[in-house]
Amino acid sequence: MNFWQRKKHRKALMALFSCVLACALLLPNILLAAGSAEAATGSLGGQQYTSGLIGGSSPSSIALGPDSNLWFTDAGLPTPAIGTADSVSGRIYEYASGLNKDSNPYSMTLGPDSNLWFTDAGPTPAIGRVSVSGQVYEYTSGLAYDSIPNSITSGPDTDGNLWFTDAGSNPSIGKITTSGAITEYPVNGGSWPFGITSGPDNNLWFTDPLAGIIGSVNPATGVINEYTTGLNSGSLPVCITLGPDNNLWFTDAGATPAIGCVNPATGAINEYTTGLNSGSKPYGMTLGHDGNLWFTDAGATPAIGMVTATGAIAESTIDSSIHPIGITCDGSGNLWYSSSGQHPAIGEITVATVGSTPFLTVLTPSHGLPSGGYPVTIAGANLSTVTAVYFGNTKANVTALSNTSITAVAPAGSGTVAVAVYGDGGQSNSLPFTYTYGNLPSAPAITPHGDNYYTSPQTVSVSISASLSVGQAVYYTKDGNSPSLVGVAGSVYYSGSPFSLTLDANTTTTVIAAVYDTNNGQWSDHDTASFTEGFAADIKSLMVLDGDKQPVSGSLTHGSQYYLKWTASSNSSSSQPGLAILEVLDAHDQATFLNAATFQVPNSPDTEYTVLFQPATSGSYTIKGFFWNDWSTSVSWQSLANDLSTPVTVN
């Protein structure tokens with residue numbers, strides 16, 4: 001199967017999994033008893049948020065960020081983006097800058113460096129990261145041109161890497177460090193590795209819907225094992241996650257839809273079907289704070305489903321126009337899901353946790369220095385009565401406590417230890433924490449990012465943000481001068497105070513930022529931004545064309561149709577987004593015609609912006625061409641290019 005055939009096959013699989021289907025704007029009440037797989041007896045309030053989504057949006061994967069907000073991928077056209085939804089208000093913001101051209105962002109996860117990481121299966125395959133300030137960067141080196149990155153997860157290995165599935169012509173399980181170095185381990189030919197998660201056995205576990213298998217990979221050796229015994233005939237395992245029983249649970253959208261689990265010690269697989277709707281297509285899955293697994297069902301009868309650790313399933317059908325895809329929990333235990341299709345949205349469902357046993361869902365960070373002494377946030381449920389936190393056999397000092405979150409100071413240790421808490425409700429489940437000297441620190445992000453142009457004012461405010469571990473500090477240089485210190489680690493995420501750049505006329509100032517780690521004497525990869533006093537683009541010509549699009553010489557005739565055209569190019573190596581404008585003014589400088597559109601001006605070749613123009617009356621006029629920044633940006637309204645004008649007479 002060649003590259004384009006595999007791309008088409010992926011589209012067929014996505015259609016099968018109902019990834020791009022119509023969805024409703026409002027979510028009705030969902031009747032399902034939290035913590036029970038009996039018949040629907042309770043009401044879970046829910047709503048959907050759409051304000052802030054870019055036109056043509058298509059949200060898919062969703063994950064909880066270190067800022068307690070929800071982050072999601074959006075492969076919509078014409079503007080793919082990375083989005084975030086405020087966990088309190090539901091307000092959505094989307095970031096497109098930094099994504100490759102025609103990108104196709106899909107899966108997303110929280111990384112060990114407190115950035116969000118995502119896969120991009122566009123024409124330029126990539127693994128990307130985004131900071132909580134919305135700075136996006138993509139890594140392509142190490143991926144084949146026909147790679148198809150699918151799902152991504154934080155790994156259990158001691159170096160704090162991320163792992164992903166690649167369904168390209170050489171199907172693989174891939175690894176990327178937080179500094180962007182990529183390594184891939186091939187799986188059997190004809191495979192389509194898809195979902196992936198970390199297991200309690202310190203292996204990665206993945207699904208393969210094309211081959212109908214569940215697989216594991218040893219992160220230290222790259223050795224892959226595959227399991228099929230126990231899977232239904234025609235199985236299509238999709239998403240996979242760690243369950244409360246330390247088994248791996250997965251959704252199966254095959255001929256016999258099911259929710260399955262695999263024992264990581266033996267590879268034994270069980271699948272459960274009772275309780276699923278007719279025509280079910282289970283897709284996304286997450287572990288809830290109530291100790292149950294929750295999943296989306298984008299089948300013929302769309303639903304939100306729940307399965308207990310014993311395999312008891314209950315589904316609550318929702319409006320037939322809603323097709324939920326990804327699903328995750330916020331810090332309060334509420335469910336959030338993404339909905340793609342005709343009416344894209346981000347949805348929220350309130351889930352009431354039950355019982356009093358403490359339950360842990362995530363450690364942030366999940367890796368740390370052997371010396372200890374730094375804060376670790378433990379998220380979960382029923383934590384308000386916790387009396388002790390242990391890292392292995394060592395008791396940790398607790399500095400903050402609520403029902404859904406504990407902050408504890410990591411004690412000294414080595415290797416991978418189990419973190420568990422004890423309270424009035426008994427002992428919690430455990431989560432792995434790994435002591436490591438770490439790999440390269442992650443690169444910081446400069447804001448504004450990339451190539452920037454300013455005509456007025458010539459003083460620019462610049463900030464640098466970085467995810468810092470203990471012993472790390474972020475520095476920057478201007479035009480190769482001595483490094484200046486921005487800040488040192490004091491929290492998981494650090495944002496330095498803005499500093500000012502004064503730009504001289506027609507000059508460029510280059511800022512380079514990097515993180516230095518005193519633990520191993522290593523520098524991170526760097527981020528670079530340039531700041532130029534001048535125009536971002538150059539409008540080279542302004543012309544009037546006749547109906548055959550040939551240049552007009554002489555006067556125009558009122559009532560006839562013409563074309564106005566300007567030709568421009570970007571002054572940087574990348575395309576310059578903005579607002580293309582063509583305007584016609586009369587002899588009194590009053591606008592008689594105006595046309596504007598969002599436009600991309602590349603560096604090469606020159607691009608043309610052409611609009612239809614039909615003069616209504618005779619007289620003398622001036623045609624003007626402009627290129628300004630779009631209204632949707634947060635910067636001040638300003639010109640991005642020189643403007644041109646030409647006089648014209650209409651008979």
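By convention here, the first residue in the shown sequence is residue 1.
Of the possible donor and acceptor atoms, none in the side chain of S575 sits under 3.5 Å from a partner among the backbone N and O of Q600. Between the side chain of E315 and the backbone N or O of N277 there is at least one donor-acceptor pair closer than 3.5 Å. Panel note: side chain K281, backbone A298; no donor-acceptor pair is recorded below 3.5 Å. The backbone N or O of G122 lies less than 3.5 Å from no partner atom in the side chain of S103, so there is not a single donor-acceptor pair.
Of the residues I182, N150, I173, the one that meets the side-chain contact (heavy atoms from CB on, under 4.5 Å) test with F164 is I182. For the pairing with D113, the side-chain contact (heavy atoms from CB on, under 4.5 Å) check across L116, L110, N115 returns one residue only, N115. A side-chain contact (heavy atoms from CB on, under 4.5 Å) with P149 is found for one member of I127, N104, D120 and no other, namely I127. D74 pairs in a side chain to side chain donor-acceptor pair (under 3.5 Å) with only one of the listed residues (S57, S60, S61), which is S57.
Side-chain contact check for V238 versus D252: every heavy-atom pair is 4.5 Å or farther apart. Side-chain contact between S154 and P112: present, with at least one pair of heavy atoms (C-beta onward) separated by less than 4.5 Å. Between T273 and P257 there is no side-chain heavy-atom pair separated by less than 4.5 Å. I346 is listed as a side-chain neighbour of I92, based on a closest heavy-atom distance under 4.5 Å. Contact check for I62 versus W71: no side-chain heavy atoms found under the 4.5 Å cut-off. For the pair N429/P244, no side-chain contact is recorded, criterion being any heavy-atom separation below 4.5 Å from C-beta on. Side-chain atoms of F593 and V611, non-hydrogen and from C-beta on, do get closer than 4.5 Å to each other.
Checked against the 6.0 Å centroid threshold, Y137 and Y139 count as a close aromatic pair.
A donor-acceptor contact closer than 3.5 angstrom is absent between the side chains of T308 and N292. Between the side chains of N603 and S570, no donor-acceptor pair is found at a separation under 3.5 Å. Between T447 and Q135, the side chains place a donor N or O and an acceptor N or O closer than 3.5 Å (distance only, hydrogens not considered). The closest side-chain donor-acceptor pair between D330 and S87, if any, does not fall under 3.5 angstrom.
The aromatic rings of Y272 and W249 lie parallel to each other, their planes meeting at an angle below 30°, with 60° marking the opposite boundary.
Residue I581 comes nearest to A596 through the heavy atom pair CG1-CB, 4.0 Å, listed as atom of the first residue, atom of the second, then distance. For A536 against Q576, the heavy-atom pair with the smallest separation is CB-OE1, 3.5 Å. Here the closest non-hydrogen pair linking P125 and T140 is O-CG2, 3.4 Å. When all heavy atoms of T124 and N100 are compared, the pair lying nearest together is O-ND2, 3.4 Å. Counting all heavy atoms, side chain and backbone alike, A591 lies closest to E583 at CB-OE2, 3.5 Å.
With sequence neighbours excluded, no residue satisfies side chain to side chain contact (heavy atoms under 4.5 Å, CB included) with S97. Residues satisfying the ring pair (Phe, Tyr, Trp, His ring centres under 6.0 Å) criterion with F599, sequence neighbours excluded, are W566, Y609.
Rounding to the nearest 0.5 angstrom, the gap separating the CE atom in M285 from the CE atom in M306 is 11.5 Å. For the atom pair CD of E138 and CD1 of I82, the computed distance is 7.5 Å after rounding to the nearest 0.5 Å. Taking CG of L360 as the reference point, atom NE2 of H289 lies at 10.0 Å (rounded to 0.5 Å).
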